[in-house]
Asks: 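To start, I am sharing the structure in question, which I have written as structure tokens.
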Amino acid sequence: MLTRRQLIKAGAATGLIAAAAPAGVALAGTTAAAGPASLFAVPLRIPKVLRPTSRGRGGGSRAGYDVYQLTTREVEKTIFAGTRTKMRLFNGELMPVIRATRGRPVVIEQVNALDVPFSMHLHGGHVPASSDGHPNHQVSPGGKRVFYYPNDQRASTMWMHDHSHDAHAENIYRGLAASYILTDDFEAGLPLPKGRYDVPLHLRDAQFAEDGSLVYEPDGFMTRSTILVNGAPRPYFEVAARKYRFRLANTSNERAFLLQLGQGDEMTHIASDGGLLPAPASARVLEIWPAERQEIVIDFSRYPVGSKVVLRNLIGFAGEAPEVMRFDVVRTAADPSRVPATLRANPDIGTPTVERSFVMNFDPATGHHLINGQHFDINRVDLRPKLGVTELWTVENTDVRFGIPHSMHTHLEHFQVVERDGVAPAPGEAGLKDTVTVMPGKTVKFKIKFTDHAGLFMFHCHLMGHLNMGMMGQMAVEN
Ligand code: C2O
Ligand code: CU
Ligand code: CU
């Protein structure tokens, strides 16, 4: 276990964690009260890859397109042996995966069999406004809607979730999330671990009652002490002594993770929200905030068969068990994979000619979370970016007094961080991002150039409680 000082030093690499400590985030110790009975009791589930229900020709692509049916509905699952948990899921599956290929669009026919509205959003997707899940387009109970995802963008790990106006936080909490893994020729040509050695790991927290039911309290983020990985509570995963690629996504409403493998063993950070980093970055700890994706390669060949290696969260709330999951090295295996010394250069989006600033803060008088002093208003357009024009966004979190972190997520386009608290981003944050966290009193600058779809899109803090309380704006992207 790192000492608090080492931890703060480690976090100082990105500037986030040093500020997290006074934010009311206690550091969990390894001796936290006996962990829950469910510690390493169940195997990791490998999420199901959905199959297209049909394939079409044309659709704007020579390669044709794939059609999926997704039904959002309530179903019962067993999370803890002997109990049933009512969840809201896509096709009755925990974190199902859609695998897509660049140049081959995906069409989704979505049916809402929930008794609450639903508005499907592909987080990280370059999609037309009509398929972006704007709350104007939410599907009422019993309704349906067709979504078109062009897949004309770089390979990356995206995820799908609700964006309906009032139900999104609870829908996500109750399980409605899916992985969307886009590949392309460039990425497929790299010798990274593939196939069964390329594993999505969805991290989130939750609170369960004794009978196994999910407890949802909008402000209950400090009581969600059960950590689920691909829907299983603190599971173990039997691995071969070779390299694996893990696609981490944090689908928690509010929780951040600062992950440490074993005693601070090396993880190789290879990708973030928008896909591969320019170069791999060695990481002894890895932060992942709500809605972010971070991909790592772990080489288990350095552990003898029989080893058990624990992945921990170093920033749990007081009294929580820090364990997230355990890797059990059970066999040897051939390993033709390797991590190249360079991965993928960022696109050159030029020098910004438009500047915008965003101040994010909590208003204690109203309990609202605001951007530039304003609460979300579906009838107000906050900005009108032009396609093809490079902009510089400065995002400042002024919540020093309350110590509240915020994040900024842009729909439609990824951005490149140019400065975090006055310095260039750390290597792990130097790739394409779509969500960045800004700690209290801190500032992040990034450049962004919208390139494809005109129309109405959102930008917001991805801490769900803040989003619920107004921390969102709209941009009308114009030709
Ligand atoms: Cu995960 Cu508005 O997005
Ligand atoms: Cu999004
Ligand atoms: Cu926020």
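Read the numbers this way: they start at 1 and go in the same order the structure lists the ligands and their atoms.
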Asks: What N/O/S atom of H406 is the closest to the Cu ion (ligand 3)?
Replies: ND1

Asks: Within H462, is some N, O or S atom less than 2.8 Å away from atom 2 (Cu) of ligand 1?
Replies: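 No - counting backbone and side chain alike, H462 has no N, O or S atom under 2.8 Å.
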
Asks: As a test of understanding, state which of H460, H161, H414, H163 forms a ring-ring contact (aromatic ring centres under 6.0 Å, His included) with H409.
Replies: H460

Asks: Regarding H121, does it place an N, O or S atom less than 2.8 Å from the Cu ion (ligand 2)?
Replies: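 Yes, H121 qualifies, because one of its backbone or side-chain N, O or S atoms lies under 2.8 Å.
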
Asks: I'd like to know if atom 2 (Cu) of ligand 1 has an N/O/S atom from H460 within less than 2.8 Å of it, counting both backbone and side-chain atoms.
Replies: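 Of the N, O and S atoms in H460, at least one lies under 2.8 Å from atom 2 (Cu) of ligand 1, which means yes.
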
Asks: Within 45° of the ring axis of F317 and under 6.0 Å from its six-membered ring centre, is that where the NZ or CZ of R224 lies?
Replies: no

Asks: Mark yes or no for whether S272, through its side chain, and K433, through its backbone, hold a donor-acceptor pair below 3.5 Å.
Replies: no

Asks: Verify the distance test for H411 against atom 2 (Cu) of ligand 1: any N/O/S atom under 2.8 Å, yes or no.
Replies: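 Short answer: yes, at least one N, O or S atom is under the cut-off.
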
Asks: Taking the N/O/S atoms of H466 one by one, which is nearest to the Cu ion (ligand 3)?
Replies: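 H466's closest N, O or S atom to the Cu ion (ligand 3) is named ND1.
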
Asks: Look at the rings of H411 and H121 and say which category their plane angle falls in: under 30° parallel, 30 to 60° tilted, over 60° perpendicular.
Replies: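 Ring orientation, 0 to 90° scale: parallel.
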
Asks: Using 2.8 Å as a strict upper limit, say whether an N, O or S atom of C461 approaches the Cu ion (ligand 3) that closely.
Replies: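 True for C461.
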
Asks: Is it true that some N/O/S atom of H409, main chain or side chain, lies under 2.8 Å from the Cu ion (ligand 2)?
Replies: yes

Asks: Looking at D382 and R380, is there a salt bridge between them, counting it only when a charged N and a carboxylate O are closer than 4.0 Å?
Replies: yes

Asks: May I ask you to decide if R88's main-chain N or O and N171's side chain share a donor-acceptor pair within less than 3.5 Å?
Replies: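 No, the answer is negative, given that no donor and acceptor are paired below the 3.5 Å cut-off.
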
